[in-house]
Amino acid sequence: MPTYRAPVKDMTFILNDVLNLSQYSDLPGYEDASTDLIAAILEEGAKFCENELAPLNLSGDREGCTRHEDGSVTTPKGFKEAYAKYVEGGWAGLTDSPDFGGQGLPHVLGMAMEEMQISSNMAFAMYPGLSSGAKAAINIDGTDEQKAKYLPKMVTGEWTGTMNLTESHCGTDLGLMRTKAVPNGDGSYAITGQKIFISAGEHDMSENIIHLVLAKTPDAPKGVKGISLFIVPKFMVNDDGSLGARNGVVCGSIEEKMGIHGNSTCVLNYDGATGYMLGTENEGLRSMFIMMNAARIGVGIQGLGLSEVSYQNAADYARDRLQMRSISGPKNPDGPADPIIVHPDVRRMLLNSRSFNEAARTLALWCAQLIDLSHKSDSEKQREWADDMVGLMTPVIKGVFTDRGYENASNNMQVYGGHGYVSEWGMEQFVRDARITQIYEGTNGIQALDLVGRKLGANGGRAVQRFFKHVAEEIEAAKGNDKIGDFVTALEKASADLQQATMWLMQNGMTNPDNAGAGSTAYMHLFGHVALGLMWLKIAKISADKLDAGTDDPTFFESKLTIGRYYINRRMPETKFLLAELEAGADDVMALEAANF
């Protein structure tokens with residue numbers, strides 16, 4: 001049975017040393033986020049995830065969810081009880097506004113907790129995870145009455161939330177949707193239609209489920225310009241906050257899936273269900289993107305979380321499993337064979353994961369800190385800069401983290417050999433669970449197109465130019481430190497490749513849009529290498545400084561430099577190949593006639 005140990009030490013290092021949270025002590029929420037409080041929250045979160053959630057992961061996968069004749073759904077054994085403890089512990093409202101009963105702590109701390117939940121039990125983590133986006137949309141676009149009615153119990157976790165976009169005939173192309181919203185004459189709407197792939201769409205863990213549903217009003221314009229967003233509660237909510245009658249939404253079936261069996265992925269049927277418009281009519285897509293952007297970063301964290309837990313188990317196995325002798329001579333001469341950790345190819349697979357995990361965690365938490373700054377900073381310039389970076393990084397985090405997360409989970413299963421393919425070890429579940437992350441909340445191909453087609457050109461290319469400037473500033477600040485000169489050189493080369501790729505797209509993507517489409521995935525991964533390389537430079541600089549100053553834990557910081565060097569020497573050179581792939585253009589991609597595929 002797989003195990004999980006929350007990487008609290010690494011998270012604490014990133015939050016306190018790399019991101020230096022204390023420098024923002026004047027921001028709302030940060031004033032209470034002392035070093036001691038951060039440590040206490042991470043330690044308690046780790047205990048909850050390790051002791052309550054992780055033991056349910058394998059059993060939850062095997063049991064799955066059960067739909068009953070009345071449309072109700074029962075989650076796997078232990079999920080409901082674990083969720084009650086989650087609510088009791090106040091985890092649901094960790095970063096939510098105190099105005100609605102939340103603790104108001106920094107978003108960056110919530111991101112760390114989110115990774116721990118995903119690593120320990122991804123299917124469980126999706127139930128409260130979907131609520132986060134729904135809460136954000138209501139908080140931003142809801143009326144005061146809607147906020148007062150729904151947010152307090154969603155913040156406590158007594159109620160959960162969902163997002164309803166996809167229909168059987170339309171996924172990414174939401175303009176094709178058929179779900180209708182007809183005015184009832186009293187300010188409410190009758191919602192009729194069917195939504196599919198609705199994660200946590202029906203379950204027994206919360207008292208109520210607040211669905212946010214995209215639909216079209218009778219006279220709406222065609223396409224995406226005619227989409228509105230509606231609040232549709234599972235149970236109607238009375239004026240005094242109590243629950244009323246069951247609404248006209250029911251789970252028609254649970255999808256039979258490759259993975260995440262412990263999460264109820266539902267087909268939801270709306271039959272004249274009562275809904276209330278959220279935000280402005282025909283602007284539902286803008287409101288939905290509030291949830292989508294939050295969800296895309298969350299899905300990226302799923303890639304990281306599964307990479308981390310699969311790595312931990314593979315590393316444990318590699319230290320214990322005895323097979324053959326080291327090609328450079330026995331390392332366990334008194335035993336019948338050497339542990340497989342001595343074999344270079346096993347180490348290659350493990351270090352591919354480890355070097356990604358530590359940089360990806362830093363990038364995710366850096367992005368979460370930027371989200372805090374974009375909402376809370378007193379400086380308009382700083383808010384704009386942070387918002388630009390978050391927008392640019394969202395498709396990179398979603399696309400790169402999940403591609404690499406699946407790759408790493410598969411390779412970590414490979415470390416086990418034949419045992420990895422056997423379900424009792426739990427490794428094949430990580431692979432199955434990781435596969436969906438590349439698909440939902442916008443496939444990774446869509447993320448690449450979003451990066452190339454929208455994010456690069458936004459505001460005249462302001463965000464990407466600011467990113468290049470930030471990279472150059474970090475490189476300049478690190479020059480002169482001989483201990484990390486190789487990190488500086490590697491990032492300089494990779495950044496030059498990314499700038500060349502960006503220029504190529506600007507010159508060739510407009511004249512032939514297929515050039516942008518054909519090179520978008522290569523560009524996204526090239527961007528990911530530079531972003532992760534930037535994080536490794538930040539980590540390396542601080543680690544070298546700690547060692548120079550003297551530390552009671554030299555092994556920790558020496559390991560950081562060793563693992564970082566693996567990444568910059570063996571993974572970052574991929575930018576050259578990605579640049580060549582991009583510059584090959586679209587001709588060979590588009591040459592074959594469709595009938596000949």
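The first residue of the sequence shown is numbered 1, and numbering continues consecutively from there.
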Give a yes or no on whether the backbone of [Y] and the side-chain of [X] come within a donor-acceptor separation of less than 3.5 Å.
X      : Y      : answer
Gln146 : Met277 : yes
Thr437 : Ala434 : yes
Arg296 : Glu441 : yes
Ser120 : Met116 : yes
Lys455 : Gly391 : yes
Asn247 : Val249 : no
Glu63  : Lys77  : yes

Check whether any side-chain heavy atom of [X] lies under 4.5 Å from a side-chain heavy atom of [Y], and answer yes or no.
X      : Y      : value
Leu370 : Leu373 : yes
Trp159 : Ser131 : no
Cys367 : Ile397 : yes
Ile210 : Lys153 : no
Thr280 : Asn282 : no
Tyr523 : Trp504 : no
Leu498 : Phe467 : yes
Ile436 : Met122 : yes

For Tyr127 and Tyr86, what are the C-alpha separation, side-chain angles and deciding distance, and is it a ring-ring contact (aromatic ring centres under 6.0 Å, His included)? CA-CA 11 Å; Tyr127 290 97; Tyr86 176 85; over 10 Å; no
Before you tell me yes or no, could you show the steps for Asn263 and His203 under side-chain contact (heavy atoms from CB on, under 4.5 Å), namely the whole-Å CA-CA distance, both residues' side-chain angles and the distance that decides it to 0.1 Å? CA-CA 9 Å; Asn263 194 270; His203 56 84; over 6 Å; no
Report yes or no: do [X] and [Y] form a side-chain donor-acceptor pair below 3.5 Å?
X      : Y      : value
Lys257 : Thr265 : yes
Asn508 : Asn515 : no
Thr162 : His211 : yes
Asp61  : His261 : yes
Asn408 : Ser307 : yes

I'd like to know whether Ser353 forms a side chain to side chain donor-acceptor pair (under 3.5 Å) with Asn412, so could you lay out the CA-CA distance, the side-chain angles of the two residues, the decisive distance to 0.1 Å, and finally the verdict. CA-CA 8 Å; Ser353 294; Asn412 291 328; 3.2 Å; yes
[X] atom [atom1]: more than 12 heavy-atom contacts under 6.0 Å:
X      : atom1 : answer
Met258 : CE    : yes
Arg454 : CZ    : no
Asp219 : CG    : no
Asp186 : CG    : yes
Asp271 : CG    : no

Does the ring-ring contact (aromatic ring centres under 6.0 Å, His included) test come out yes or no for Tyr189 and Phe230, once each step is laid out? CA-CA 8 Å; Tyr189 291 77; Phe230 298 86; 5.0 Å; yes
Which pair of non-hydrogen atoms, one from [X] and one from [Y], has the smallest distance, and what is that distance?
X      : Y      : answer
Ser206 : Thr160 : OG-OG1, 3.0 Å
Asn121 : Leu56  : ND2-C, 3.5 Å
Ala516 : Val452 : CB-CG1, 3.8 Å
Ser264 : Val73  : CB-CG1, 4.0 Å
Val232 : Gly275 : CG2-CA, 3.9 Å
Thr156 : Val87  : O-CG1, 3.2 Å

Run the salt bridge (charged side-chain N to carboxylate O under 4.0 Å, His left out) test on Lys225 and Glu283 for me, step by step, so that the C-alpha distance in whole Å, both residues' side-chain angles and the decisive distance to 0.1 Å come before the verdict. CA-CA 7 Å; Lys225 294 182 179 179; Glu283 294 186 9; over 6 Å; no
What I want to find out is whether [X] reaches [Y] closely enough, with some N-O distance under 4.0 Å, to be called a salt bridge.
X      : Y      : value
Lys234 : Glu202 : yes
Glu428 : Arg432 : yes
Lys398 : Asp450 : no
Arg286 : Asp141 : yes

Kindly compute the distance separating [atom1] ([X]) from [atom2] ([Y]), expressed to the nearest 0.5 Å.
X      : Y      : atom1 : atom2 : result
Leu212 : Ser287 : CG    : OG    : 9.5 Å
Arg178 : Glu167 : CZ    : CD    : 7.5 Å
Leu109 : Glu114 : CG    : CD    : 12.0 Å
Tyr421 : Met413 : OH    : CE    : 7.5 Å
Glu69  : Arg67  : CD    : CZ    : 8.5 Å
Glu407 : Thr402 : CD    : OG1   : 11.5 Å

Phe430 and Val309: CA distance, side-chain angles, deciding distance, side-chain contact (heavy atoms from CB on, under 4.5 Å) verdict: CA-CA 8 Å; Phe430 298 139; Val309 68; 3.7 Å; yes
Are Tyr440 and Phe197 near enough that their ring centres are under 6.0 Å apart? no
Under the rule for ring-ring contact (aromatic ring centres under 6.0 Å, His included), what residues qualify as partners of Phe79, not counting sequence neighbours? Phe124
Does the side-chain contact (heavy atoms from CB on, under 4.5 Å) test come out yes or no for Ile227 and Lys216, once each step is laid out? CA-CA 5 Å; Ile227 298 174; Lys216 292 186 174 183; 4.2 Å; yes
Could you go through the side chain to side chain donor-acceptor pair (under 3.5 Å) check for Thr143 and Glu145 one step at a time? CA-CA 5 Å; Thr143 64; Glu145 180 183 1; 5.0 Å; no
Partner of Gln194 by side chain to side chain donor-acceptor pair (under 3.5 Å), out of Asn269, Thr179, Asn164: Asn269
Where do Met163 and Leu214 land on the side-chain contact (heavy atoms from CB on, under 4.5 Å) test, with the steps shown first? CA-CA 8 Å; Met163 49 194 294; Leu214 288 182; over 6 Å; no
